[in-house]
Amino acid sequence: MSEEKESLNFIEQIIEDDLKSTHSKDALCFRFPPEPNGFLHIGHASSICLNFGLGLRYDAPVNLRFDDTNPAKEEQRFVDAIKSDVQWLGFKWEKECYASDYFQQLYDWAIYLIKEGKAYVDSQTSEAIAEQKGTPTKEGVNSPFRDRTIQENLALFEQMKTGEAPEGAHVLRAKIDMKSTNMLMRDPVIYRTLHKSHHRTGTDWKIFPMYDWTHGESDYIERVSHSFCTLEFLPHRELYNWFLDQIHEEGTLRPKQREFARRNLSHTVVSKRKLARLVEDGVVTGWDDPRMPTISGLRRRGYTPESIRNFADGIGVGKRDNLIDVSRLEFSVRDHLNKVADRVMAVLDPVKVVITNYPENETEWLDAENNQEDEAAGSRKVPFSRELYIEKEDFREEANKKFFRLKLGKEVRLKNAYIIKAESCIKDENGEVIEIHCTYDPDSRSGSGTEASMRKVKGTLHWVSIKDALPVEVRLYDRLFTEAAPDANKEVDFMEYVNPNSLEVITGYAEPSLKELQVEDKVQFQRLGYFTVDKDTTADKMVFNKTVGLRDSWAKLDD
RNA sequence: UGUCCCAUGGUGUAAUGGUAACACAGCGGUUUUUGGUACCGUCGUUCUAGGUUCGAGUCCUAGUGGGACAACCA
């Protein structure tokens, strides 16, 4: 029994403190509140794992709430994509909610605010309102419409609602304090008119509530106990509380907003707007391009839900600016795939090997273990014959002792097969090796139990029988940006740092068993890395995405 | 010329006034029919200055550095 105290992150600490003072355990309720205006990315994944993770930890409900108050930007297809991403990550929401479901309640409360003298209709242009708002260091001034009568406000707000008033003619503002040091408290707009069709309410509403007026009230309606958001919303907390003060009823749960730092990932951007630009400018093929840090992109790249959850849990949550090295993400996917991915053989940069003492026209089917990390994974047969492919970089005419691979006059083990010895090679007019002639030791077959098969040979190579090989398209990826923090420099557009060589498409030669794989299946190409079957795969051509390479301590030595 | 937030190894996070630790990355080694995995070892940390305290990474003050705030976006 472990007695060591479990360490809590600051979010859990807040909940624990509340549990000791103000909240009962069954009052806990969380939510994940995306706006359906784009696809979810790895930053959202952290937030999803945080909120749903708290739900699991405290056995509390977690709602999926779409913050859909802006019909100009939001679309049903994003709602669908978000739901599928959250499910794929492995989480179940208690209720599927929409801020738009609360439009009537929000409207009723707005009427109440007007009647209480806490809100007024402003009929100025947005420019004039912005001008009067002042700056962070300069106080704002009151709108000339600030003291309209309640009757007048009610009448005008009614015109906004019916659509009688032209779009943009008026807004409803909360009457707070134009001199506040917090700009958000300077009579924030709470309703604007938008004569656009909403993906759920259609044309029923001509007025749409703003984020600040909607979010906390939605939390209140859903009895969300803790509303966690990113640090940029910290100054909104004062407003969040002010709105709650107006409508909160004694004795009911009062939601609490708390903020954490968003997670930044190195060599990419984590911002819907910037990701959208990559899509629009054609830098990538879409939101689910395997180079994108979107959940759908990572999925297509070959990441597993487990690996993303492990990543999110591992990096924790804090309040300071951060830049998480992408190697941490790569670690989590290697860690998981190492346990679950079958080992197979594929040669991506081939050079021909002829086993001169092996009979022509013969094929032997050899046993190959699927995954040495998992006995239950079983084994399969791989064909061996006289002519093989190995990787070009696995052969050198001569090399020093540190080169454990094939060199003239020396032996290597072919994985799951025989020990071979390089005798000679043929080069083209440029001096490039195009064919290697080897001899094999017939007694050395893997697993045969002979003395020769037990011989220790330093190097082991993967290979593929040429006549049985399956040509496949392989997409190799590099970081999308050349800079660790492409958007850190305000002087330089992040697009300047796009890596022009982030995608390389090649043809590889795989062992025939790969034909059986389905889209999204994951395998390790032995000695190379983890690969997954892309959805672009057709009946005639399989397409693989490289998820991540194996750790390669040789690559560093070899320069 | 404001208000607010933040500051622990290269990176991220913990230490809840009482021996600064864990993971990743790096480096070295053992094992290995993957130069993978596993295992072992190693490097390296409390922004500065004061104060409170028997004792400060933790509390207080100031400074420094970084960040947020001037959408009818969320």
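Letters go in sequence order (proteins before strands), and every chain restarts at 1.
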Nearest-Å distance once atom P is located in both B:A23 and B:G41: 11 Å
Sugar-phosphate only, base, or nothing, as touched by A:Phe208 at under 4.0 Å among non-hydrogen atoms: nothing
Closest nucleotide among B:G2, B:U32, B:G67 to the A:Lys458 side chain: B:U32
Value in whole Å for how far the C1' atom of B:C5 lies from CD of A:Gln257: 13 Å
Nucleotide of B:C24, B:U33, B:A38 approaching A:Asp335 most closely (side-chain heavy atoms): B:A38
Given B:C24, B:A74, B:C5, the nucleotide with the shortest approach to the side chain of A:Phe331: B:C24
Sugar-phosphate, base or nothing in reach of A:Leu323, heavy atoms under 4.0 Å: sugar-phosphate
B:C73 phosphate, OP1 or OP2, under 4.0 Å from A:Arg192 side-chain N/O: yes
Residue whose closest nucleotide on RNA chain B lies nearer the 5' end, A:Ile324 versus A:Val171: A:Ile324
Among B:U33, B:U3, B:C5, the one nearest A:Arg413 by side-chain distance: B:U33
Under 3.5 Å donor-acceptor pair, A:Glu369 side-chain atoms to B:U33 base atoms: no
Selection from B:A71, B:U34, B:U37 that lies nearest to any side-chain heavy atom of A:Asn338: B:U37
Short side-chain to backbone donor-acceptor contact, A:Glu16 and A:Glu12, under 3.5 Å: no
hbond_proxy A:Arg527 side chain to B:U34 base (donor-acceptor, 3.5 Å cutoff): no
Pairing of A:Asp342 and A:Arg380 as salt bridge, 4.0 angstrom limit: no
Residue A:Pro235, side-chain atoms from C-beta onward, closest of B:U11, B:A68, B:U16: B:A68
Sugar-phosphate, base or nothing in reach of A:Lys415, heavy atoms under 4.0 Å: base
A:Phe531-A:Phe544 aromatic ring centre distance below 6.0 Å: no
Test side-chain hydrogen bond (donor to acceptor under 3.5 Å, both in side chains) applied to A:Asp325 and A:Ser327, step by step: CA-CA 5 Å; A:Asp325 201 292; A:Ser327 67; 3.1 Å; yes
From CA spacing to verdict: side-chain hydrogen bond (donor to acceptor under 3.5 Å, both in side chains), A:Glu259, A:Gln257: CA-CA 7 Å; A:Glu259 311 79 14; A:Gln257 173 185 304; 3.1 Å; yes
Sugar-phosphate only, base, or nothing, as touched by A:Val317 at under 4.0 Å among non-hydrogen atoms: sugar-phosphate
Sugar-phosphate, base or nothing in reach of A:Gly168, heavy atoms under 4.0 Å: base
Aromatic ring of A:Tyr211 stacked on base six-ring of B:A74, 5.5 Å, 30°: no
No-H, no-angle donor-acceptor pair, A:Gln372 side chain to B:U37 base, under 3.5 Å: no
Side-chain-base donor-acceptor pair under 3.5 Å for A:Thr460 and B:U34: no
Nearest to side-chain heavy atoms of A:Lys133, which nucleotide of B:C72, B:A71, B:A74: B:C72
Bracket string, RNA chain B, 5' to 3' - pairs by Watson-Crick or G-U geometry under 3.5 Å, | interstrand: .((((((..((((....[..)))).(((((.......)))))....(((((..]....))))))))))).....
Phosphate-side-chain proximity, A:Arg343 and B:G36, N/O vs OP1/OP2 below 4.0 Å: no
NZ/NE/NH1/NH2 to OD/OE distance under 4.0 Å, A:Lys73 and A:Glu35: no
Salt-bridge present (A:Glu74, A:Arg200; N to O < 4.0 Å): no
Pair of N/O donor and acceptor under 3.5 Å linking B:G35 base with A:Arg551 side chain: no
No-H, no-angle donor-acceptor pair, A:Glu373 side chain to B:G36 base, under 3.5 Å: yes
Protein-nucleotide distance (A:Leu550, atom CG; B:A38, atom P), rounded to Å: 11 Å
Touch class at under 4.0 angstrom, heavy-atom based, for A:Glu238 against every strand present: nothing
Pair A:His215-A:Arg31, side-chain donor/acceptor within less than 3.5 Å: yes
Short side-chain donor-acceptor distance under 3.5 Å, A:Asp68 and A:Ser100: yes
Touch class at under 4.0 angstrom, heavy-atom based, for A:Asn9 against every strand present: sugar-phosphate
Nearest listed nucleotide, side chain of A:Phe403, among B:U16, B:A71, B:G35: B:G35
Minimum-distance nucleotide (side-chain atoms of A:Asn322 versus B:U1, B:G12, B:U33): B:G12
Euclidean distance for P, B:U34 against B:U45 (whole angstrom): 38 Å
Results of side chain to side chain donor-acceptor pair (under 3.5 Å) for A:Gln132 - residues two or more places apart only: A:Gln124
Whole-Å distance separating the CE atom of A:Met178 from the C1' atom of B:A70: 11 Å
Nucleotide nearest A:Arg263 when distance is taken to its side chain, options B:A74, B:G12, B:U37: B:G12
